[in-house]
Amino acid sequence: MSNTGMNMRGKITFYEEKNFQGRSYECMNDCSDMSSSLSRSQSCRVESGCFMVYDRSNYMGNQYFMKRGEYSDCMSMMGMRDCIKSCRMIPMHRGQFRMKIYENENFGGQSHEMMEDCDNVMDRYRMNECQSCNVMDGHWLMYEQPQFRGKMMYMRPGEYRNFRDMGMSGQRFMSMRRITDSC
């Protein structure tokens, strides 16, 4: 496979122990449950592409964005309570980015369409929080705090009526960032 082809697909290798020790599992696409391949995953290397990793199976629980690089101790680096249990490859997106955010669940309250990153929805739109959204183009990260800090959630194209269905009960989001092809 050419180097260009590999970069388009993405590649991440998980290791059972910290510092890339123990058994490993190589992944080039989504994996909803890594327990059949590894008993746990405490470190990883992203060779190409971008991935979201989750501390629960089926893309649930706390989420962490990983781009090309080495992560020798995922538990302390990302504040994980448990090891990585599932991962999702983020496809490269070229083109415009569009997302409509809503103040309330089920697309209620005030709304705003975004095409750029927003470091603080309160300052920019006078919205106290974002509780639902419609991602029309591109892939986005939403953060619970302004300035792209705190817990995050990966949003791909689609409608999200409430974030509880995604395992983010009581979660509110205050900043959003596009996932560009600079991964």
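Source: prediction; values computed, not measured.
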Novice: Could you tell me the separation between the CE atom of M28 and the OG1 atom of T13, rounded to the nearest 0.5 Å?
Specialist: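 Between atom CE of M28 and atom OG1 of T13 there are 9.5 Å.
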
Novice: When hydrophobic residues are tied together by side-chain contacts of less than 4.5 Å, even through go-betweens, does M174 share a cluster with M114?
Specialist: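 Yes, it is one cluster - the side chains of M174 and M114 are joined through contacts under 4.5 Å.
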
Novice: Taking atom OG of S132 and atom CZ of F163, what is their separation to the nearest 0.5 Å?
Specialist: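 Those atoms lie 6.0 Å apart.
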
Novice: Check the pair I90, M52 against side chain to side chain contact (heavy atoms under 4.5 Å, CB included), reporting the backbone distance first and the verdict last.
Specialist: CA-CA 7 Å; I90 300 171; M52 287 305 288; 3.7 Å; yes

Novice: Please report the interatomic distance CZ(R177) to CG(L141), rounded to the nearest 0.5 Å.
Specialist: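 Output value for this atom pair is 8.0 Å.
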
Novice: Can you check whether H139 reaches Y154 side chain to side chain, under 4.5 Å on heavy atoms?
Specialist: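 Yes, close enough: below the 4.5 Å cut-off.
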
Novice: Is the shortest side-chain heavy-atom distance between F51 and Y64 below 4.5 Å?
Specialist: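 Contact flag for F51/Y64 side chains = no.
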
Novice: Under 4.5 Å between side-chain heavy atoms, hopping through other hydrophobics if needed: is there a path connecting V53 to L38?
Specialist: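 Both belong to a single hydrophobic cluster.
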
Novice: If the plane angle is over 60° it's perpendicular, under 30° parallel, otherwise tilted; pick one for F97 and H93.
Specialist: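 Ring orientation of F97 relative to H93: perpendicular.
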
Novice: Check whether M92 and M136 end up in the same hydrophobic cluster, where Ile, Leu, Val, Met, Phe, Trp and Tyr are linked by side-chain heavy atoms less than 4.5 Å apart.
Specialist: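 No: no chain of side-chain contacts under 4.5 Å links M92 to M136.
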
Novice: Could you give me the CA-CA distance, side-chain angles and deciding distance for Y143 and R149, then say whether side chain to side chain contact (heavy atoms under 4.5 Å, CB included) is met?
Specialist: CA-CA 6 Å; Y143 297 82; R149 294 178 305 137; 5.8 Å; no

Novice: Is a donor on one side and an acceptor on the other found under 3.5 Å between the side chain of Y59 and the backbone of S32?
Specialist: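 Yes; judged by distance alone, with no hydrogens or angles, the pair exists.
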
Novice: Relative to each other, are the rings of Y15 and F20 parallel, tilted or perpendicular (30° and 60° limits)?
Specialist: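 Geometry flag for F20 against Y15: perpendicular rings.
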
Novice: I would like to know whether Y160 and M155 meet side chain to side chain contact (heavy atoms under 4.5 Å, CB included); could you show each step before the answer?
Specialist: CA-CA 9 Å; Y160 301 90; M155 309 301 284; 3.3 Å; yes

Novice: Short question: side chain of D55, backbone of N62 - any donor-acceptor pair under 3.5 Å?
Specialist: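 The answer is yes, because a donor-acceptor pair under 3.5 Å joins these two groups.
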
Novice: Are V135 and M176 connected into the same hydrophobic cluster when the rule is that any two of I, L, V, M, F, W, Y join if their side-chain heavy atoms are below 4.5 Å apart?
Specialist: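 Yes; V135 is reachable from M176 via cluster members.
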
Novice: Would you check if E16 and S39 make a side-chain contact, meaning some heavy-atom pair closer than 4.5 Å?
Specialist: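 They are in side-chain contact.
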
Novice: Keeping the roles fixed (side chain from S86, backbone from D33), state whether a donor-acceptor pair exists under 3.5 Å.
Specialist: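 Not confirmed, S86 side chain does not pair with D33 backbone.
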
Novice: Mind checking the NZ-CD spacing from K100 to E159? Nearest 0.5 Å is all I need.
Specialist: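 One finds 11.0 Å between NZ of K100 and CD of E159.
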
Novice: Consider only side-chain N and O atoms of D137 and Q96, and report whether a donor and an acceptor are under 3.5 Å apart.
Specialist: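 The criterion, which ignores hydrogens and geometry beyond distance, is satisfied for Q96 and D137.
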
Novice: Does the N120 side chain pair with the main chain of M122, one donor and one acceptor, at a distance under 3.5 Å?
Specialist: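 Present.
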
Novice: Between Q145 and S175, do the side chains contain a donor N or O and an acceptor N or O under 3.5 Å apart?
Specialist: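 S175 vs Q145: no donor-acceptor pair found between side chains.
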
Novice: Are I101 and F173 close enough that some pair of their side-chain heavy atoms sits under 4.5 Å apart?
Specialist: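 Of all side-chain heavy-atom pairs linking F173 with I101, none is under 4.5 Å.
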
Novice: Between M127 and M142, is there a shared hydrophobic cluster once you connect ILVMFWY residues whose side-chain heavy atoms come closer than 4.5 Å?
Specialist: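 In one cluster: yes.
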
Novice: For S72 and N19, indicate whether the former's side chain and the latter's backbone hold a donor-acceptor pair under 3.5 Å.
Specialist: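 Not confirmed, S72 side chain does not pair with N19 backbone.
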
Novice: Does R23 reach the main-chain N or O of S37 with its side chain, forming a donor-acceptor pair under 3.5 Å?
Specialist: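 Yes; at least one donor-acceptor contact below 3.5 Å.
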
Novice: Which value, rounded to the nearest 0.5 Å, describes the distance between I179 atom CD1 and R156 atom CZ?
Specialist: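 Taking CD1 in I179 and CZ in R156, the distance rounds to 11.5 Å.
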
Novice: For E26, is there an ion pair with K11 - N to carboxylate O distance below 4.0 angstrom?
Specialist: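 So K11 pairs with E26 through a salt bridge.
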
Novice: Let me see the working for Q131 and N162 under side chain to side chain contact (heavy atoms under 4.5 Å, CB included), right down to the final yes or no.
Specialist: CA-CA 6 Å; Q131 293 188 12; N162 68 64; over 6 Å; no

Novice: Go through it in stages, so that I can follow the logic: the residues are E116 and R178, the test is salt bridge (charged side-chain N to carboxylate O under 4.0 Å, His left out), and I'd like the CA-CA distance, side-chain angles, deciding distance and then a yes or no.
Specialist: CA-CA 7 Å; E116 300 289 330; R178 297 164 296 150; 3.4 Å; yes

Novice: Is any side-chain heavy atom of Y54 less than 4.5 Å from a side-chain heavy atom of Q63?
Specialist: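 Yes - at least one pair of side-chain heavy atoms lies under 4.5 Å apart.
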
Novice: Charged N to carboxylate O under 4.0 angstrom, E113 versus R98?
Specialist: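 Salt bridge present between E113 and R98.
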
Novice: In terms of the angle between their ring planes, are F14 and Y25 parallel, tilted or perpendicular, with boundaries placed at 30° and 60°?
Specialist: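 Judged by the thresholds at 30° and 60°, the geometry between F14 and Y25 is parallel.
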
Novice: Are the side chains of Q21 and S43 in contact, using a 4.5 Å heavy-atom criterion?
Specialist: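 No - every pair of side-chain heavy atoms lies 4.5 Å or more apart.
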
Novice: Can you check whether M66 reaches C87 side chain to side chain, under 4.5 Å on heavy atoms?
Specialist: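 They are not in contact (no side-chain heavy atoms under 4.5 Å apart), so the answer is no.
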
Novice: Is the shortest distance from a Lys or Arg side-chain nitrogen in K151 or E144 to a carboxylate oxygen in the other one below 4.0 Å?
Specialist: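 The answer is no: the pair does not qualify as a salt bridge.
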
Novice: How long is the gap from CD on E103 to CG on N128, to the nearest 0.5 Å?
Specialist: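 Rounded to the nearest 0.5 Å, the CD-CG separation comes out at 6.0 Å.
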
Novice: So do I84 and M34 actually touch side chain to side chain, heavy atoms under 4.5 Å?
Specialist: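 They are in side-chain contact.
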
